[in-house]
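For reference, the structure is listed below as structure tokens.
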Amino acid sequence: MPYVKIELTREGVTRGQKQELINGITNLITEVLNKDPHLTHVVIQEIELDDWGYAGEQVSVLREKGITADKK
């Protein structure tokens with residue numbers, strides 16, 4: 001029973017995007033590991049920006065400074 005947990009910051013990921021992630025990961029596990037998709041579980045957990053830290057700072061503070069993952 002594969003179990004995949006995706007943690008990401010709560011920054012407007014849509015329901016459709018989540019569905020694409022769930023479907024894509026399930027398909028990948030089915031193709032690569034030959035696992036039954038009915039036994040594959042994917043969980044997406046959104047984390048508040050205040051509860052996620054990077055380089056010693058809360059992501060909420062980094063965003064206030066205009067810093068994102070693609071801008072360092």
Side-chain angles (χ1 to χ4, degrees):
M1 174 183 87
Y3 169 84
V4 178
K5 182 177 183 182
I6 301 168
E7 294 181 333
L8 44 87
T9 54
R10 188 177 307 246
E11 294 186 89
V13 177
T14 67
R15 183 178 190 181
Q17 289 171 320
K18 291 175 187 178
Q19 178 57 48
E20 286 186 55
L21 285 171
I22 291 167
N23 186 52
I25 289 168
T26 300
N27 289 339
L28 182 64
I29 288 174
T30 300
E31 292 170 17
V32 173
L33 300 178
N34 198 31
K35 297 292 184 178
D36 182 348
H38 294 99
L39 299 177
T40 300
H41 300 264
V42 179
V43 175
I44 298 173
Q45 181 177 9
E46 292 182 286
I47 312 291
E48 295 294 337
L49 297 181
D50 284 345
D51 298 332
W52 193 297
Y54 170 76
E57 296 249 29
Q58 289 172 296
V59 173
S60 56
V61 173
L62 294 171
R63 295 295 186 268
E64 289 168 4
K65 294 177 179 180
I67 299 170
T68 61
D70 56 344
K71 289 191 232 173
K72 294 178 184 153

Can you tell me how far apart [atom1] ([X]) and [atom2] ([Y]) are? Round to the nearest 0.5 Å.
{"X": "Gln45", "Y": "Arg10", "atom1": "CD", "atom2": "CZ", "answer": "9.0 Å"}
{"X": "Glu11", "Y": "Glu48", "atom1": "CD", "atom2": "CD", "answer": "10.0 Å"}
{"X": "Asp51", "Y": "Glu7", "atom1": "CG", "atom2": "CD", "answer": "11.5 Å"}
{"X": "Gln19", "Y": "Thr14", "atom1": "CD", "atom2": "OG1", "answer": "10.5 Å"}
{"X": "Leu39", "Y": "Thr26", "atom1": "CG", "atom2": "OG1", "answer": "11.0 Å"}
{"X": "Thr40", "Y": "Ile22", "atom1": "OG1", "atom2": "CD1", "answer": "12.0 Å"}

Closest contact, heavy atoms only, Gln17 versus Gly12: OE1-O, 3.9 Å
Determine, using the 4.5 Å side-chain heavy-atom cutoff (strictly less than), whether [X] and [Y] are members of one ILVMFWY cluster.
{"X": "Met1", "Y": "Leu33", "value": "no"}
{"X": "Ile44", "Y": "Ile29", "value": "yes"}
{"X": "Leu8", "Y": "Leu28", "value": "yes"}
{"X": "Ile67", "Y": "Tyr54", "value": "yes"}
{"X": "Val61", "Y": "Val59", "value": "no"}

Could you tell me if the side chain of [Y] sits less than 4.5 Å from the side chain of [X], heavy atoms only?
{"X": "Arg63", "Y": "Thr68", "answer": "yes"}
{"X": "Ile6", "Y": "Ile25", "answer": "yes"}
{"X": "Leu21", "Y": "Val42", "answer": "no"}

Whichever hydrophobic residues join Val43 through chains of side-chain contacts under 4.5 Å: Tyr3
Whether Gln58 side chain and Asp50 backbone form a donor-acceptor pair below 3.5 Å: yes
Whether over 12 other heavy atoms sit under 6.0 Å from Asp36 CG: yes
